[in-house]
Every structure is written in C-alpha cells, then in structure tokens.
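Numbers restart at 1 for each chain; the letters A, B, ... are given by sequence-line order, proteins then strands. For clarity, every value in this text was computed on a predicted model and none was experimentally measured.
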There are 6 protein chains.
Amino acid sequence: MKLLLINPNTSAPMTAAIAKGAQAVASSNTEIIATQPSFGPLSIEGHYDEAFAAAGVAEQVKLAASWGPDAVVLACFGDPGLEAAREATSAPVLGIAEAAFHAASMLATGFSVVTTMTRTCIIAERLVQRYGFEHQCRGVHGTDIAVLDLEDGGEEIIGQIEHAAREALSRDRSGAIVLGCAGMTTLCHTLTQRLGVPVIDGVAVAVKFAEALSALGLGTSKHGDYATPLPKVYTGWAAPLGWPKAR
Amino acid sequence: MKLLLINPNTSAPMTAAIAKGAQAVASSNTEIIATQPSFGPLSIEGHYDEAFAAAGVAEQVKLAASWGPDAVVLACFGDPGLEAAREATSAPVLGIAEAAFHAASMLATGFSVVTTMTRTCIIAERLVQRYGFEHQCRGVHGTDIAVLDLEDGGEEIIGQIEHAAREALSRDRSGAIVLGCAGMTTLCHTLTQRLGVPVIDGVAVAVKFAEALSALGLGTSKHGDYATPLPKVYTGWAAPLGWPKAR
Amino acid sequence: MKLLLINPNTSAPMTAAIAKGAQAVASSNTEIIATQPSFGPLSIEGHYDEAFAAAGVAEQVKLAASWGPDAVVLACFGDPGLEAAREATSAPVLGIAEAAFHAASMLATGFSVVTTMTRTCIIAERLVQRYGFEHQCRGVHGTDIAVLDLEDGGEEIIGQIEHAAREALSRDRSGAIVLGCAGMTTLCHTLTQRLGVPVIDGVAVAVKFAEALSALGLGTSKHGDYATPLPKVYTGWAAPLGWPKAR
Amino acid sequence: MKLLLINPNTSAPMTAAIAKGAQAVASSNTEIIATQPSFGPLSIEGHYDEAFAAAGVAEQVKLAASWGPDAVVLACFGDPGLEAAREATSAPVLGIAEAAFHAASMLATGFSVVTTMTRTCIIAERLVQRYGFEHQCRGVHGTDIAVLDLEDGGEEIIGQIEHAAREALSRDRSGAIVLGCAGMTTLCHTLTQRLGVPVIDGVAVAVKFAEALSALGLGTSKHGDYATPLPKVYTGWAAPLGWPKAR
Amino acid sequence: MKLLLINPNTSAPMTAAIAKGAQAVASSNTEIIATQPSFGPLSIEGHYDEAFAAAGVAEQVKLAASWGPDAVVLACFGDPGLEAAREATSAPVLGIAEAAFHAASMLATGFSVVTTMTRTCIIAERLVQRYGFEHQCRGVHGTDIAVLDLEDGGEEIIGQIEHAAREALSRDRSGAIVLGCAGMTTLCHTLTQRLGVPVIDGVAVAVKFAEALSALGLGTSKHGDYATPLPKVYTGWAAPLGWPKAR
Amino acid sequence: MKLLLINPNTSAPMTAAIAKGAQAVASSNTEIIATQPSFGPLSIEGHYDEAFAAAGVAEQVKLAASWGPDAVVLACFGDPGLEAAREATSAPVLGIAEAAFHAASMLATGFSVVTTMTRTCIIAERLVQRYGFEHQCRGVHGTDIAVLDLEDGGEEIIGQIEHAAREALSRDRSGAIVLGCAGMTTLCHTLTQRLGVPVIDGVAVAVKFAEALSALGLGTSKHGDYATPLPKVYTGWAAPLGWPKAR
C-alpha cells in the first residue's frame, strides 16, 4: 500500500526525519510517500501558523488525488486540515494527535500529553474535547522547547521532556505519556526505556492504524459529512485546487 | 472606529452585499472596511473550502496590521480562521456564528439554526460544541440551498427558509432562529416579520458586539493562548505573511 | 433608548454607584433608569439573600411595565431573577454575570472570575455550568471581601483583588479577568492598567450588549419558554404583582 | 420527628391535599407540619411565579427556625428556594423534583417526566441538568393541564396524563414515570396500576428520604456553601426575615 | 420487610460486621439477611477482583429468588453486579456507592470520597461519571489502607482517614465526606464527631433508602432495560444459575 | 505474535466462527488462539448474562498467563471484563465495541450501531458514554434478533439488519455502521456491498489494532490503575484464580 505522509510544516529536514521514523515502523509492503506543503510556516506553534498549514494539507491531499494514496497520515500534533483531507479522499486519513489519543486510551485509564510550546496546549486541549477524550486525557503540558530545537534531540532536550513526563505521571495520576509533537518521534524509544510506561508517538500509531484500516478495506465515508467537495471556482494561487465538475 | 469586515470567500458581490448590510446597522462613527482573501473558493460549503478560507482570513488580518483595525468581524458562519485572526491582532475579533449564538442565548432558552447545504451542518454543530452552546442550540437544519443562490433572494428562496424555520421552531421547541449563512443577511428583516420570533443575523450582531467591546476598550487578550504569533520563516506564496522578528 | 438598570439589593448608595458607572459607558442617546427592590437584603452574599433579591427583580420589572423599558440590565453577579424578568418583558434582559462571561469568551480562550465572599463562588459556578461556559471559565475565586466594603474601594481592597487576579491568571492559565460583583465596577479601570489583560466589568458589557440588541430590534422571545406570565391571583404583599388577564 | 412540608404556592386546598398525601406515606412517628407562603401566586406555572415562590419558601423556613423542624420538604416540582432553604436550616431539605429524580434513577436506567404546562418543562429540564440526571431523564413532557385543574382529578385528567405517560415510555424507551407536579400526588396509585411501571410521586419519596436522612442523623452541611446566612439588614416587608447577628 | 444484604467479597467477618451495622440503623420491622458469594476474593481492590465479585452478587440474587427479598443492598463501594442484580429481581436494589452519592448530594453542594487503595479510585470515579455526579463529587482520595486492615479499626487507621478527610474538605472545598468502603461503616460515628460535617456511610443510607422505596411499593422497573433475564442455558459451575423458561 | 481471542459466551460454534473471521483478517504471522470461559451463558443478552461472562473473561486471561499472549481481544460487544483483563496482563487488550467505536470515529463524523436485542442497547450506550464517543455515536438500534439466530445468517436475517442500518443512516445522519455483535462478523462483507458506507466489524478492527499496538511494543500500562492484581485469597470454584504472591 501507498501511504501519503504529510508534514504540515515546510521544514524539509523534519519531513525527512518523520518519514524515516514512519518507514521504521511500517509493514514491509507499505510504501511511505512523504511530502510537505508548497508554502507556509517552517514550524507550527500557534493558531496563525496552523491556518496556513491546514491549507497546505488540503493542497497536498488534492495533488495526491492524481496517484491515489491508500491512506493518509497528517504528521503535526494539531491535526491541521484533518477534516478537509477527509473530504478530499476516500482513503482513511489519520491525524497523529487523534491516533495517539485513541492508542493511549486503549492502554491506560488516563494519559498525559507532553508537548513543545505552552501556547500550543490549547490546540491539543480542544482536540481532546472535540474527539471526546476529556475523561482520559488528564493533562496537557508545555515544555517551551521550540519545535525546531527538537531536531538535534540532545540529552538536554530529552532530559527536559523526561522531567515533564515524570511530573505529569505523578500529578495527573496517568498511566501513559503521549508525545505532543511529530518532532518527538525520535525520542520515543529512549523515553519508553526511562519512564517504564507506554510512551506514544502519534506518527507511529497513525501509520499502524492506517495500515490496519486499509487492510480491512475501510476508508473515509463518502456518505454525508465527508462527501467529496462540491465543484467550485477557486481563485488566486489556489485556482488549480478547486474541485472540478466531472469526477 | 474602523471595523475590518472579512468575507472569507472570494465572491466580490457577496462581499459587497455583506458590507452593505453591516453598514446599515453600524453606528454613525463606525467605518466598515470590507475585504476578502486574495485566493480561495467562491463559496464555502464544506471543510475543504473552509481550509483555504481560514488561511485567507489569516492573510487579510495580517495585511490589515499596517493600518490597525479597531475590530474585526469574520462574515462566514463557520467562523474560519477565528483563532488565527485573534493571534494576529489585539483588536476584538468576532465570528458571525459565535456572535449569533451569544445573542440568541440572551433572548431565548433555545434556538435553532437554519443554514444552506446540509453537509455544512456538521461545521455549525462543532462550533456549538466548542463554544459551549449545546444546551441552547436545539437543532441545525440544512435547506440545501447553495450559498451563491442566496444572492438573488427571491420569494422561492425566502419561502424555503421560512418553511425550514417554522419546522425548526416547532420540532425543536425553540424561541429564536439563527440564520446560518452570511448570505442570508438580506433576508433577516422579512423573516423576522413573518416568523414573529427573534431572527438573528450573525453579521449584524457581530458588528454591534464588536462596536460594544471596542467602545469599552476591550480587545483580544495578548496574555497566553492568543499571544502574537512567534516570528518565523514562511515559504512559497505565504512568504510575506510570516510574523517578523521586530514588532 | 431607556435602559432599566436594576440593582437587586437594597443599598441605595450601591444603586447610585452602579448607575453612575453605567451612564459613563452608555451611548449618548441611552437613558439609564436605575432602581432597586422595595424590600430585601442590603447585599447579596448567599442563596438566602438571593431568593429575596430575585423576587425584588421580578417586582421591579413588573412595575416598569407601565413605562416600557427598551432593555433591562440586572446588576448583581448571581443574575437573580433573570428568567423571571425575561418572562415579564419583551425587551432584551441581561444579567451581568452572563454578559461578562459572553464578553470574556470573545476575548480569551479562558478566563477567571474574582469575586467577593468565597461562599458565593458556588452561585457563579452554577451559572457557568448553566450558561455553558465550563470550558472557558477556568476558575472562580473568592477574596472574602464583603460586598459593602467594596464601596470605599481603597488601595487595600484593590490590592487584594489585584493579588487574587494575578494568582488566577497564573494558576488557571487564563487570559482575562471577570469581576464577580457589580460593586467592583469602579475598580475596573485601575485593574486593567495594573494587570495588562482584559478586565471585564459585567455592568459595562451588559449595558453595551443591551444597547446592541436593542439597536437591532432584538428582544426577549415571547414564543415558548419566556412567554408572558399566565394571568393569576397573587396574594399578600405581592397581590398587585400578579399578571392581569387582559394585556 | 417533625417534618416541615412547604407548599410553595398559596393555594390552601392544595396545601391540604399535599399534606394529606404526605401523612399517608409518613412513618407513624413523623408529624407533618404543612404550610405555605404568606404571599405569592396561587399556582406556579413559569419563572415569574417561581421567583415569588422561592422567596416564600425562604420566608417559611426562616419562620420555622423558631421551632426547629427535623426535616424540610418543598412540594413544588421546580424545587423553588431549595438552596435558600438549605442555608436557613441544618435539617435535611429535599425538593420533590430532586427526590423523584434520585428515586427514579435507582429503579430504571431511564425515566420520563410528565408534567402540567409545557412552558414549565424548561424548569424541569434545567433541574435535570443541574442535578446531573441528563443520562437518566429521557424526556420532559407537558400536558398543558393547568395546575389548579388537577385538584378535581377526574377521569379525563387522569386519562390525559396516562396517555402522555404511555407515549413517553414508548418514545423515550423509559422504564419509569416521574409525576411533574405536587398536585399529581393523588393520581399516583391509579397511574401505577394502569401503567405497570414505577410511577414516582416526588412528595412521597421526598418524605421517605427525609425520614431516612433524619433517622441517620444526617442534615444539611453547615460547612461551606450552605453555611447559615450572614447577618444582614433586610428592608421593606422582608425586614423581619434578615438573619440576626447573634445565633 | 426482608432486606437481602450482600457483601460481594468472601470475608465472613466483614459480612458479619456489615450486617451488624445495617441492623443497627434498620427499622424495627426490617429483617437483615446478610450473605456473601460462594466464591471469589476475600477483598475487592481492583477490577480483577471486582469481576468475580459481580458474578458472586448475581449468584446470590438468583439464589434469593426462592424466598423473594423485599429489597437488596450491595455492600461494596464499587457497586459490583448492580445492573445484573436489578435484572434478577423486581425488588429495589441499591449499591452503597450509589446510595452514598445520592445522599451526599442532598446535603452539600459538593462532597469528597475517602477510600482505601488508590488503585480503586478509578472505580469510584467511573461510577461518579456514570451516575451523573460529576458536578457534586469534587474528589476521590485513596489512603492505601488495605480493606481487611479496616476490620480492627484502631486509632491509627481512624487517624489516617480523618487526616485524608480534612485534607479533602479543604482542598476540594467540599461540605461532606463519603466513606468509600463498606468496611468503614464502623468508623462513621467517630468521624462525624471529629469532622463536624456530614459523614456518609453508604451501607446505612442504602438500607434506609431501600426501606423508603419498599415502603412506597416501588421496585426495579421490569419494563425495558432491567427486564428479567432471558431464559438461557448456563454451563459449568454456573449451570444452576441460568434463568429458567417458565417463570 | 500470539493473539488470545476470547469469546465471552460459552457457545463453541460461535467461538469457532469468530476465530475463523479473526484469522481471515489477521496478518500471516499472527496466530489466533481462540477460547471461551469454562462456565456461563450460551449467549450474552443482558446485564445478568454479562456478569458471568466478565468473570469468564477474567478466568481465561488468568489461565493464559501461563503462556503469555502478545495481545488479547474480547469478542463480545459489551466488552465484558475488559478492565479485569487489563489488570491481568501487560499485553494490549481490546474489546470489540471499543475498537469499533475508535475505528468508526476515524472514518465518519457520526456512526450508528445496529445490534441484536433492544434490551442490550443500554449496554452499548453506556460504553459510548464511558469511552467518550457521545458526539460520534448518533444512535444504537436493536433488531430483536437473538444472538444465536445470527449463526445461520440467512437472507432474512441480513435483510433485517440491512433495513435497520438504512434507517439508522438516514435518521441519525450517520456516515458509517458499527455491527453491534461479534456474531455479525460473517455479515460484514455483504452489508458493506449493499450499504455503500463503511461497515465496521469490531472483531476485525480489534484484531488489526491489537496487531498494530503489539508491533509497536505497546501494551497495557502497569503503572497505576491497571497494575497487576494484588495477591489475595480466592475461595470456592475461583480458588485457583487468585493472584499469587510471588510473580
């Protein structure tokens, strides 16, 4: 199967790093096609950045319609453009926050999220509310590490995240940790060993859940709310991205 | 005061119509500056359209930073880009769905929304959930009238909406009707007279509430979740829209 | 327009102070008619006090039917008698807690309430629940300042409230402060300057929102739950307050 | 024990009827002392009526402080003045809506309320929300029978209520019926026989639960939110009802 | 009346102790028939223990069908097997957690639970959620006292629980304490005297509420969700417990 | 990997059928070990049946500890014994209702459940509430087909379920159907073809999600609420199932 992995920001090194992590956990017959928007912010650390990233996700899913991915994964913890992507394909589409929340709630009665900038906690908290995980998610904790600083992933960074995770496990009475940024993929193994509880990397579980759904022939429902976008004129730079009449 | 009124779609006639409606209810010392994104869909009838519109809203609020609006109103019932806009200005920002829900809940114990395409009901329903109006909003009802067909607003269109509103009042046991599309602004007066209950046009109440907040010197909090976007490199067509370092 | 401003307690100095604050923010063509019940507690600091105050609000709205206010504002943070008042008039009716919650949720993702006696927190918390602001209101904090002690409003009082507000902003991760008592109106300006975040005085926003609704011709729905009270015999001191048959 | 049974409206025949029903189910060593406010509406069919009734309940509990009831029951389905009453005594206080909801949720997974005027449904629905019975209460249904018409309780009235109850059981998939008015006490036996499901009269269960709590020495907590009212000046007709300093 | 009191664990001394406590509060014409499952854990301190206890409760209710209890009380704070028991009898069935939550919410705006092992808090928290007491229950606190260590109930044990209760009252701003284990029955009197707030023993209130419902002729609804189990083949040790065809 | 598939009822033919369905979707390197309790009901159609089935699930997970499954799936739509099973193993454990709800919410904004006996709807509805899918699950619909009648799966049975599913899609405005019984596994393919929307068989998705979690090295958290059961004496037939001291 062909899995479209979209990094919603425009950092090519992060796209490569996430793709590498995804390929490492993918089944042997899964081909990861990683991409990123043709425009927008280098990292996503707030609602303003996210607005552009969501349009970028829509762009990439639309462009991929030419070759037809079997599944789509959005590798940013705010799940930007998730609903738009679901309209634009009949393949299953998974955001990494969503996937991580689902996985965590299968493994523990409560989990805590450890993320980057404190200002992005509100984004995760609203996803928790919208998806229905308010009884399972016991806390979302910022570390105020910038997204792009995660790339080197030195001991100092890991230590900070480990510390925040330990605090969260204790104060929130949680049983699992969800990593709140795609850029934390590379830290998952180390943190699992140190913390002794399930540490959930949304990229990895999104890839595996997408494989699972695809293997069962399950895709986004085209009946009702996620029906294909209506044909419509688009203008400006987005002109080529409007949905055509015949399909 | 200068009120930036953003029509999130790219239909210039709709922008003009909404601006006219807004000016009609605005105070004499309020100047309405109406605008629309430089790109994107002619109408917003689903999540895919909305992803582009939200980026378009972010673009317009960023561009307006040069002259500094005293308040911002987003004239599409899905409130696309609301959070992004709030990060990008210290003026008060109101979406018309949000404003209409607030107003309706001050006038009746329960209200019903009558909107255009049934497929967009889910967007309104999620706003209801996110904003906390689940006990007040007793139903969201699609009429499957296309947004752009509202512009002529002939008797047939009005009749369809009136019928849907009457059904909603009765079945939902509601006391007020919220018009679920900025394009319905022009129908508000007629529907009010026919239905005999408060009929709420989000554009009008958003303008008045924005004036109210501005008059009191109240604006978007820059403390915490809506702090100004972090300075960051933006790429592609969005390159000029990244937040600069010095501010 | 004529705006009936009801102070639900029987402290004439407080009625005068609130009226003065209201007039200061009202539009030039708004006439503030301030009043208070003919009976009841000098201040409202619990459910028992509130029961009498709510009846007092109903009395005052009934008496005002003779001249027909264009809008009604209830200037006590527990919004006592709000529903009764809405039945008794077709003008818009706003409670100051309600108005403040609405305003705050337009300006920040989360807000905190700073109020007087800790024992009244439960009243505000239940309004938060009933109105649907549980995701936005992140804390209600008592200062155990008596309502009538607010009147002098010296530095000690302001300092106590400022301290409680700072604590709340930090612990609740809030972006705005709601003043939890009509008697705090006079402190709003000073606190805004000191705290650097939106500080919301319910009296002010209720007046402006009431003007906004009234300007749009919007009033309390008489269809359904807020229909005019049924004609009925009232006894005892309340005999003149029963709703008459012909209307 | 001495049980203060307050009929919150001013209909002496209804007070007598409710007292008779209460005595019929009370234990042999329970003395029912029935009373009603010295003022207010003959029946309670809306928020306006209720505002006066709540003050009337507060008045009666305050007056009873002279002899000290062992328990208090408020015999109106809107539970008017419940919180005020709890502040004003250390005895247990039960509203009949509250008691009926508690009982019904012990007997069935879901119940339906059948009440009088449709316009009062909103009052019951908000109690359901506030008390936390939203998953158990599957519907509140008005019959538009006036409260005072219940007194004769002829076959026509019973038939109407029976019909509404059958509809509710079927449409709501409920297992029990809650009678939504103190005036329905006399119909409980007949309806139980006809419907074949638990039919719950709030007056009866409130009396028995009050006896139960009292027997265990349990009363209203005076620690925190229901602490005795603060001493305070009351004015007008309510002057004697202010809480005195020494206690 | 005959009240079947089931201790869901298999500790005979605890069954005796609970029965003694129940008899002490029961009415003179109530006969307490105490029993325990024929199999399962000596104490219930987790979900695994509880699964067996629930089956044990079902067993005991089924066996009691031969003599027909007038009411059933389940004396373990997790209310194991409550729904099964309700299907298996038309008498009222009360769990002690449920009964305690109901009672506490009649006496205070908020209560706290003090229980044994911290690992069982999740069980109480989920009951709180399922029953609808999320606004009233402000905290569930473990003491990590083993259930069987409660039996001696020396000063050290009492002191630990008193300490946890005081902490809870203060931090949770609660007005009442719910004892989170049937084995705490014997401590209720002492704790009430020391804490000065209502201390609620679920066994006692369950017995009194069961008497109350039974006196009113109210029992578990056999209409719908709690209808008698369908006749069915049971195998293995449970073979005699299948519901027979004729009934 | 070795996947323990537990059919919680005691119908050997159903165990075989479910195992066959599970093997059909499992990866080539997944070995399905199917089992059923040594006691209990032939089918699960109510809470009473479920109490025994949950103990049966606990028994089977405990017995499997000797060989150590890599994942556990509980193949009954009420997820009986799910929490007990999670305590008793460090492998991931999935119930089929839970798995189906998770999958459905990834594919559609709303889904409907079609199940067997109407009396079991309450069980699914409570799982929906507990797991947090109240916004996604738009209806649970009984067909009153007995569980054991599903086995033949003739056209009449399929037709009934198809009809109920079509009704649900339309009335609930849903985009996907969840099959509410493990015995419906064999109908999934046919229904998918006929309905044209995602039809979700919990057994299949539970197997695939279990494989996904296991492949990532993720298992049930042993930190906190799902920690291994405390060592304890078990009596009666359950004596061998108590958790031993040394482990």
Side-chain angles (χ1 to χ4, degrees), chain D residues 25 27 83 86 92-95 98-99 101-111 128-137 169 173-177 188-189 192 195-201 204-205 207-227, chain E residues 25 27 83 86 92-95 98-99 101-111 128-137 169 173-177 188-189 192 195-201 204-205 207-227:
Chain D
V25 301
S27 297
E83 305 296 8
R86 283 189 175 144
V93 182
L94 284 173
E98 178 191 44
F101 296 158
H102 283 288
S105 68
M106 296 170 186
L107 303 173
T109 58
F111 61 84
V128 163
Q129 180 195 351
R130 191 171 101 197
Y131 297 155
F133 293 102
E134 288 181 290
H135 280 98
Q136 290 96 329
C137 180
L169 287 170
R173 258 185 49 218
S174 284
I177 292 293
C188 186
H189 183 70
T192 300
L195 294 170
V197 302
V199 176
I200 294 152
D201 166 34
V205 293
V207 167
K208 298 310 284 180
F209 284 173
E211 289 179 344
L213 294 171
S214 179
L216 295 173
L218 290 168
T220 302
S221 176
K222 297 285 101 184
H223 178 80
D225 299 339
Y226 291 141
Chain E
V25 301
S27 298
E83 306 296 8
R86 284 190 175 144
V93 182
L94 283 173
E98 179 191 45
F101 295 158
H102 284 287
S105 67
M106 296 170 187
L107 303 173
T109 59
F111 61 84
V128 164
Q129 179 195 352
R130 191 172 101 196
Y131 296 156
F133 293 101
E134 287 181 289
H135 280 100
Q136 290 97 329
C137 180
L169 286 171
R173 260 185 43 219
S174 285
I177 291 293
C188 185
H189 182 70
T192 299
L195 294 170
V197 301
V199 176
I200 293 152
D201 165 34
V205 292
V207 167
K208 298 310 284 181
F209 284 172
E211 288 179 344
L213 295 171
S214 180
L216 296 172
L218 289 169
T220 302
S221 176
K222 296 285 102 181
H223 178 80
D225 298 339
Y226 290 142

> Do side-chain atoms of D:Arg86 reach the backbone of E:Met106 as a donor and acceptor pair under 3.5 angstrom?
Replying inline: yes

> What do the steps show when you test D:Leu218 against E:Thr192 for side chain to side chain contact (heavy atoms under 4.5 Å, CB included), and what is the final call?
Replying inline: CA-CA 10 Å; D:Leu218 290 168; E:Thr192 299; over 6 Å; no

> Among all residues two or more places apart in sequence or in another chain, which pass the ring-ring contact (aromatic ring centres under 6.0 Å, His included) test with E:Phe209?
Replying inline: D:Phe209

> Which heavy atom in D:Gly175 sits nearest to a heavy atom in E:Ser221, and how many Å separate them?
Replying inline: O-OG, 2.6 Å

> Given the options D:Val207, D:Thr220, D:Leu169, which has more heavy-atom pairs under 4.5 Å with chain E than any of the others?
Replying inline: D:Thr220

> So, does E:Gln136 use its side chain to make a donor-acceptor pair with the main chain of D:Tyr131 at under 3.5 Å?
Replying inline: yes

> Which atoms of D:Ser174 come close to chain E, meaning under 4.5 Å heavy atom to heavy atom: side chain ones, backbone ones, both, or neither?
Replying inline: backbone

> Between D:Pro92 and E:Leu107, which heavy-atom pair has the shortest distance, and what is it?
Replying inline: CB-CD2, 4.2 Å

> What part of D:Val93 is in contact with chain E, defined as an atom under 4.5 angstrom from a non-hydrogen atom: side chain, backbone, both or neither?
Replying inline: backbone

> For D:Ala215, is it the side chain, the backbone, both, or neither that has a heavy atom closer than 4.5 Å to a heavy atom of chain E?
Replying inline: side chain

>> List the residues meeting salt bridge (Lys or Arg N to Asp or Glu O under 4.0 Å) with D:Glu83, not counting sequence neighbours, and say none if there are none.
In response: C:Arg126, D:Arg130

> Does the side chain to side chain contact (heavy atoms under 4.5 Å, CB included) test come out yes or no for D:Arg173 and E:His223, once each step is laid out?
Replying inline: CA-CA 9 Å; D:Arg173 258 185 49 218; E:His223 178 80; over 6 Å; no

> Under the side chain to side chain contact (heavy atoms under 4.5 Å, CB included) criterion, do D:His102 and E:Ser105 qualify, and how do the steps go?
Replying inline: CA-CA 10 Å; D:His102 283 288; E:Ser105 67; 3.3 Å; yes

> Can you say whether E:Val199 sits under 4.5 Å from chain D via the side chain, the backbone, both, or neither, judging by heavy atoms?
Replying inline: backbone

>> Between D:Gly224, D:Ala204, D:Gly219, who has the most heavy-atom pairs with chain E when the cutoff is under 4.5 Å?
In response: D:Gly219

>> Shorter than 4.5 Å, heavy atoms on both sides: which option in E:Gly132, E:Cys188, E:Ala227 has the most such pairs with chain D?
In response: E:Gly132

